[in-house]
Every structure is written in C-alpha cells, then in structure tokens.
Student: 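Pasting in a structure now, in structure tokens, and then I'll have a few things to ask.
Residue numbering restarts at 1 for every chain, and letters A, B, ... go by the order of the sequence lines. Note that the coordinates shown come from a computational prediction; the quantities given were computed from them, not determined experimentally.
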Number of protein chains: 2
Amino acid sequence: MTADNRADLSPSAPALTERQEARRRRILDASAQLAARGGFDAVQMREVAEAAGVALGTLYRYFPSKIHLLVATMQDQLQHMHTTLRKRPPAGADPAERVSETLMRAFRALQREPQLADAMVRALTFADRGVSPEVDTVSRLTTAIILDAMGAEHPSPEQLSAVRVIEHTWHSALITWLSGRASIAQVKIDIETVCRLIDLTAPATGPAAR
Amino acid sequence: MTADNRADLSPSAPALTERQEARRRRILDASAQLAARGGFDAVQMREVAEAAGVALGTLYRYFPSKIHLLVATMQDQLQHMHTTLRKRPPAGADPAERVSETLMRAFRALQREPQLADAMVRALTFADRGVSPEVDTVSRLTTAIILDAMGAEHPSPEQLSAVRVIEHTWHSALITWLSGRASIAQVKIDIETVCRLIDLTAPATGPAAR
DNA sequence: CGCTAATCTAGAACAAGTTACAGACTTGAT
DNA sequence: ATCAAGTCTGTAACTTGTTCTAGATTAGCG
C-alpha cells in the first residue's frame with residue numbers, strides 16, 4: 001500500500017525506470033541484510049553488489065560510496081519507523097514525555113537489530129562534507145519525528161534548538177551504547193534528561209495557557 | 001614543568017623506556033601535524049611512520065590502528081586544553097554560564113585547527129568496541145573539564161546525567177559543524193541551550209538558597 | 001525497425017589500512 | 001662481556017573501498 005512514499009524526498013532525482021527502481025531496492029535490501037548480520041564491516045561493496053545481482057560499477061553509480069549507501073539505508077529504515085510511529089502516536093501527557101517515549105520506542109526497534117543500527121549510525125557520524133545533503137535528509141526526518149511527538153505544529157526557534165540538542169543527544173547516546181560504553185539504562189536516562197529541555201522551552205502549554 | 005602529567009592516565013602501561021617514550025611522542029606529533037594539514041584522510045599510517053622516523057610495524061605496535069592513534073592524539077590535545085583552561089578558569093556567575101564559556105573556548109581552539117579537529121572527532125565517533133578503553137579516557141577527561149567549570153566537587157547523579165547530555169551535544173554538534181551542516185553560531189546556540197540543563201539540576205545553588 | 005546515447009557488466013587496477021616475517025638492534029640479567 | 005628475550009626495521013603481501021575500461025544491453029526516438 002505505501003508504495004511511493006519517498007517520491008517527495010529527492011525531487012532532484014531524475015526519475016528512475018522501473019528496473020532501476022527495482023535495482024535500487026535490491027541494493028538497499030542487500031545492504032540492510034548484510035548490515036544486520038555483521039554491522040558496518042560486514043557491508044562490503046563487492047558483497048552488496050553480488051547479493052543485489054548488480055555489477056560493482058553499477059552499485060557505485062547508484063551510491064557513490066559505502067557511506068552514501070548506508071546513509072540511504074538509514075533513510076529507508078527511518079521512513080518505515082516514521083510511518084509505524086504515526087500509526088500509534090505516543091500517549092504521554094506532556095510533550096517531554098511523548099518525545100522520550102517515542103525515542104525509546106525507536107531505541108527498542110534498534111535493539112532488535114543492533115548490528116544494523118551500528119552500521120547506520122557509524123556511517124551517519126562518519127559522513128564527511130560530500131554526504132551532507134543525504135545526512136541532512138536523515139536529520140530532517142528525525143526532526144520531523146520528534147516534532148510529531150511534541151505535537152508542535154509551529155515550533156518556536158527555542159523549541160527548534162531544544163529539538164536539535166535532543167537529536168545530538170540521541171545520536172551520541174546511540175554511539176556510546178553501540179560501542180559498549182553505555183548501558184541501555186544509561187541511554188534511557190540520557191534521553192529522559194535531555195527531554196526535560198522541552199518543558200524549559202515550552203511556550204505556555206496547558207489548558208489555561210495564554 | 002608539566003613533564004609527567006599523564007603518568008596516572010594509563011596505570012596499565014608497562015613503563016616505557018626513554019627512547020620508547022620519545023618514539024611515542026614523535027608518533028603523536030607526526031599524527032597531529034599531518035591531521036592539521038589534511039584532516040582524517042591525510043593521517044596515513046605509512047606517512048605517520050615515516051614522519052616519526054619509525055617502521056610501520058613499530059607504529060602498529062604502539063597504536064594498533066589508525067583510530068587508536070587518533071584517539072590517543074585527542075587525549076594528548078585534551079590534556080593540553082585542560083591545563084590551559086585550569087590556568088584561566090571561566091568567569092561566569094552561574095555554573096551554566098561557566099560551562100558554556102568553557103566549551104566555547106575549547107570550540108574556538110578547535111576552530112584554529114579545523115582539520116585536526118576533524119581527524120580527532122571523526123576517529124572518536126567512529127571508534128568501535130575495540131577502542132572503548134581509550135575513548136573512555138577521552139570521555140573522562142571531557143567530564144573532568146566540564147565538572148571543573150561547574151565547580152561541582154561532589155556532583156549528584158542528576159548533575160552527572162546533565163554532564164553526560166552536555167558531552168553528547170558537544171560531540172554531535174562538533175560533527176555537524178565539521179561536516180558543514182551547522183554554522184559556528186548554530187553550535188554556540190546548541191551549547192548554550194544544553195547548558196540550561198545545569199540550572200535544572202542544580203542542588204540549591206546560591207547564597208540564599210533554600 | 002534501426003540508430004544513438006545512456007546504462008550495465010565483468011574484471012583489472014589502484015589506494016590505504018593492516019598483517020606477516022626475516023634479520024638487525026637493545027635491554028636486562030647474570 | 002655474554003646470552004636470551006624482547007623490540008625495531010624494511011619490505012612484501014593481503015584486504016576492502018574506489019576507480020577505470022572495453023564491450024554488451026537497454027531505452028527512447030525517428
């Protein structure tokens with residue numbers, strides 16, 4: 001049913017043919033599958049190409065580097081997550097609760113495929129200037145998810161700053177968890193801590209506000 | 001004067017001879033110099049070895065991977081920074097101000113050698129489990145710097161959480177700046193925003209408190 | 001259909017991180 | 001001073017990301 005929900009993501013893309021769309025999908029799937037097995041290192045370009053039934057040169061035509069490929073994989077997964085989350089919005093009373101609930105839900109999803117998470121997050125933070133547009137897309141998706149959870153249609157600049165800081169914390173906390181330097185509980189605490197910033201920047205919330 | 005201020009950093013190290021200490025230093029200096037020129041990519045193990053006047057195998061004996069080398073380089077630089085900062089403590093009135101002042105000072109230092117910053121920060125966030133101990137050392141150093149700025153001798157668990165979130169934001173904001181996705185001004189805002197968490201967790205500060 | 005440009009394939013080649021190894025040099029203990 | 005163990009050097013080989021090339025296929029168009 002959700003056949004073409006990425007159409008508006010890259011308006012610069014020159015409209016792929018059906019076979020090309022299929023190739024792209026095979027590549028992304030192969031990437032995710034290899035990543036789920038062995039993390040970042042297991043996503044080897046030759047293996048991705050073979051698993052996707054595509055020549056190495058073609059793989060590089062679609063994704064100009066391993067980092068591009070993995071960031072695109074992350075885009076793909078985030079999209080899933082976003083639609084999933086929209087179906088069951090968080091139930092918390094205030095925005096801070098809803099955001100941390102949402103992020104913890106995402107976190108639990110990542111825990112189910114820690115190796116995949118490893119590959120995607122490492123690629124994301126390792127990406128250099130050449131991948132900025134793609135990384136930015138991921139960032140915008142993440143922002144959208146958080147704003148959704150907050151229920152902020154027209155966020156103030158202050159709220160946007162808070163969201164940025166939440167994103168920073170989210171990425172960095174994931175990294176500490178993935179590299180075994182922080183426990184799941186620790187990540188939870190960090191997320192809840194940073195979400196307190198939302199209350200701090202809330203513009204007169206509550207029923208009797210204004 | 002500050003001849004041996006890293007003695008207590010790695011009690012597990014098996015006491016190097018003088019020549020070995022000198023080799024280690026030459027390697028770290030070569031690493032920092034190459035990094036300052038061309039960032040992460042310019043730190044090539046063969047070149048580091050040559051610049052340090054050491055065989056490739058020896059380089060790998062001292063630092064088992066490029067990531068280890070760059071994380072150690074970061075340790076080294078952080079140490080400098082810490083002693084520098086201790087000389088002129090931040091002047092702000094409340095802890096949040098002092099911490100953001102300190103971090104902004106560190107940020108300005110990094111701006112002077114953006115390529116070096118790139119190499120170190122990318123290595124830090126790309127490091128996997130095998131480098132955890134070293135990355136942890138860097139993290140502890142950073143924590144110490146922040147706690148120093150806060151003036152918190154015996155931080156509460158809540159305060160420690162805030163510090164962790166500040167560190168997350170610090171690292172991730174640096175990355176967005178290094179990859180050209182955020183301006184210097186943006187980083188400043190993010191740091192100031194996250195530092196507000198400190199007030200939130202302050203245990204009865206000020207003379208007339210409680 | 002037949003042409004042309006773009007795309008795809010297979011495979012070689014190159015770059016840089018990492019490993020392996022044989023022989024020379026240091027170190028520390030006796 | 002001498003010996004054993006450990007360290008360092010120089011160099012080649014291996015791995016995986018990336019680039020390149022020549023020829024086959026495909027897509028769009030008249």
Student: Using the ring of Tyr62(B) (Phe, Tyr or Trp, six-membered ring only), decide whether Arg24(B) places NZ or CZ under 6.0 Å from its centre and within 45 degrees of its axis.
Tutor: no
Student: Of the nucleotides dG17(D), dC8(D), dT18(C), which one has an atom closest to the side chain of Arg23(B)?
Tutor: dC8(D)
Student: In this structure, how many angstroms lie between the C1' atom of dT7(D) and the CD1 atom of Ile27(B), rounded?
Tutor: 13 Å
Student: Round to a whole Å and report the spacing from CG of Leu59(B) to C1' of dG17(C).
Tutor: 11 Å
Student: Under 4.0 Å between a side-chain N/O of Arg46(A) and OP1 or OP2 of dG17(D), yes or no?
Tutor: no
Student: Does Pro64(B) or Gln44(B) map to a spot on DNA chain C nearer the 5' end, using the closest nucleotide for each?
Tutor: Gln44(B)
Student: Whole angstroms only, please: what is the NZ-P distance between Lys66(B) and dG17(D)?
Tutor: 15 Å
Student: Ignoring backbone atoms, establish whether Gln20(B) has a side-chain N or O less than 4.0 Å from OP1 or OP2 of dT27(C).
Tutor: no
Student: Report yes or no: does Thr169(B) contribute a side-chain atom to a donor-acceptor pair with the main-chain N or O of Val165(B) at less than 3.5 Å?
Tutor: yes
Student: Grab the CG-C1' distance between Leu56(B) and dA16(C) for me, whole Å please.
Tutor: 10 Å
Student: For Glu47(B) and dG17(C), give me the distance from atom CD to atom C1', rounded to whole Å.
Tutor: 13 Å
Student: Does the gap between the ring centers of Phe126(A) and Phe40(B) come in under 6.0 Å?
Tutor: yes
Student: Within the structure shown, what part of the strands sits under 4.0 Å from Val48(B) by heavy-atom distance: base, sugar-phosphate, or nothing?
Tutor: nothing
Student: Using whole Å, report how far CZ of Arg61(B) lies from P of dT19(C).
Tutor: 13 Å
Student: Is there a donor-acceptor pair under 3.5 Å between the side chain of Thr84(A) and the backbone N or O of His80(A)?
Tutor: yes
Student: Could you pick out which residue, Ala55(A) or Tyr60(B), lies toward the 5' side of DNA chain C when each is mapped onto its nearest nucleotide?
Tutor: Ala55(A)
Student: Are the side chains of Arg140(A) and Asp136(A) in touch, meaning some heavy atoms are under 4.5 Å apart?
Tutor: yes
Student: For Met45(B) and dT16(D), what is the distance between atoms CE and P respectively, to the nearest whole Å?
Tutor: 18 Å
Student: Kindly say if Tyr62(B) contacts the phosphate of dC8(D), meaning a side-chain N or O under 4.0 Å from OP1 or OP2.
Tutor: yes
Student: I need the CD-C1' distance between Glu18(B) and dT26(C), as an integer number of Å.
Tutor: 14 Å
Student: For a quick test of reading the model: is some side-chain N or O of Thr17(A) closer than 4.0 Å to OP1 or OP2 of dA27(D)?
Tutor: no
